[in-house]
Amino acid sequence: MRRLVLPFALLLASATPLAASAQAMPPSPSEDFRPPDDRRPLPPPRPWAQLTADEKDILSPLAKNWDTFPPQRQSRMLDKAQRWRGLPPERRAEIRDRIAHWQQMTPEERAQARRNQQKFNDLPPEQRQKLHDAFERFRNLPPDQRRALVEQWRNQTPEQRHEALDHLGPNDALPPPPPPRDR
């Protein structure tokens, strides 16, 4: 199991933000299906022209398709817009960046991100926690150290990677201690 920590941490470093942004994407049309036994009344459709300026601002990526959405989907999107208003600005910026990155990915890259997320979700809770901790240590490294670690990993042969994983310790992704001060 120790062999999986660094590759999963690296995958998590690149895939988790993408998977999280996938959750922020509009649902697929299949999610608009309402089972026949669900008798709740459908909300009335709200044409784009009837949305408030704030709602239009938040939902602007959906503007060209809004009027084609079923009322249930419009209602869900309006609920999400309401939650969006309550987020701090830095969280909003982070989500926008993730969405933009997701939209620039190829379908194959998106599929790979979904598979990676599913692999992570299928792990036992203790293994997920270990990978999460490794990812946090990696994420908290200064950017130059992260780049160096990724580059070092990419330059290794598969055998070297396996050897490194076999000897990976709990603090291996932590930044080195500061240099001693001269007295």
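All heavy atoms count here, side chains included; hydrogens, waters and symmetry mates do not.
Atom NE2 of residue His101 and atom CD of residue Gln103 lie 11.5 Å apart, to the nearest 0.5 angstrom. Ile58 contributes atom CD1, which lies 13.5 Å from atom NZ of Lys80 (distance to the nearest 0.5 angstrom). Put simply, CZ on Arg83 and CG on Leu78 are 11.5 Å apart, with the number rounded to the nearest 0.5 Å.
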Below 3.5 Å, can you tabulate the donor-acceptor pairs from side chains in residues 64-71 to any protein atom, sequence neighbours excluded?
residue : atom : partner : partner atom : Å
Trp66   : NE1  : Arg46   : O            : 2.6
Asp67   : OD1  : Trp48   : N            : 2.7
Thr68   : OG1  : Asn65   : O            : 2.6

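Minimum interatomic distance between Ala113 and Met105 (heavy atoms only, all atoms of both residues): CB-CE, 4.2 Å. The shortest heavy-atom contact between Leu62 and Met77 is CD1-SD, 3.7 Å.
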When you look at Arg137 and Leu141, which way does the side-chain contact (heavy atoms from CB on, under 4.5 Å) test go after all the steps?
CA-CA 7 Å; Arg137 287 193 307 271; Leu141 288 172; over 6 Å; no
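Partners of Asn121 according to the side-chain hydrogen bond (donor to acceptor under 3.5 Å, both in side chains) rule, which considers only residues two or more places apart in sequence or in another chain, are Gln117. With sequence neighbours excluded, the residues that form a side-chain contact (heavy atoms from CB on, under 4.5 Å) with Arg92 are Trp84, Arg85, Leu87, Arg96. Residues passing the side-chain hydrogen bond (donor to acceptor under 3.5 Å, both in side chains) test with Gln118, sequence neighbours excluded: Asp122. Every residue meeting the side-chain contact (heavy atoms from CB on, under 4.5 Å) condition with Thr106, not counting sequence neighbours, appears here in chain and number order: Glu108, Glu109. Taking the salt bridge (Lys or Arg N to Asp or Glu O under 4.0 Å) definition, one finds that Arg139 meets it with Glu136, sequence neighbours left out.
Contact check for Val150 versus Arg154: side-chain heavy atoms found under the 4.5 Å cut-off.
The pair Lys130-Glu126 does not count as a salt bridge, with every side-chain nitrogen at least 4.0 angstrom from each carboxylate oxygen.
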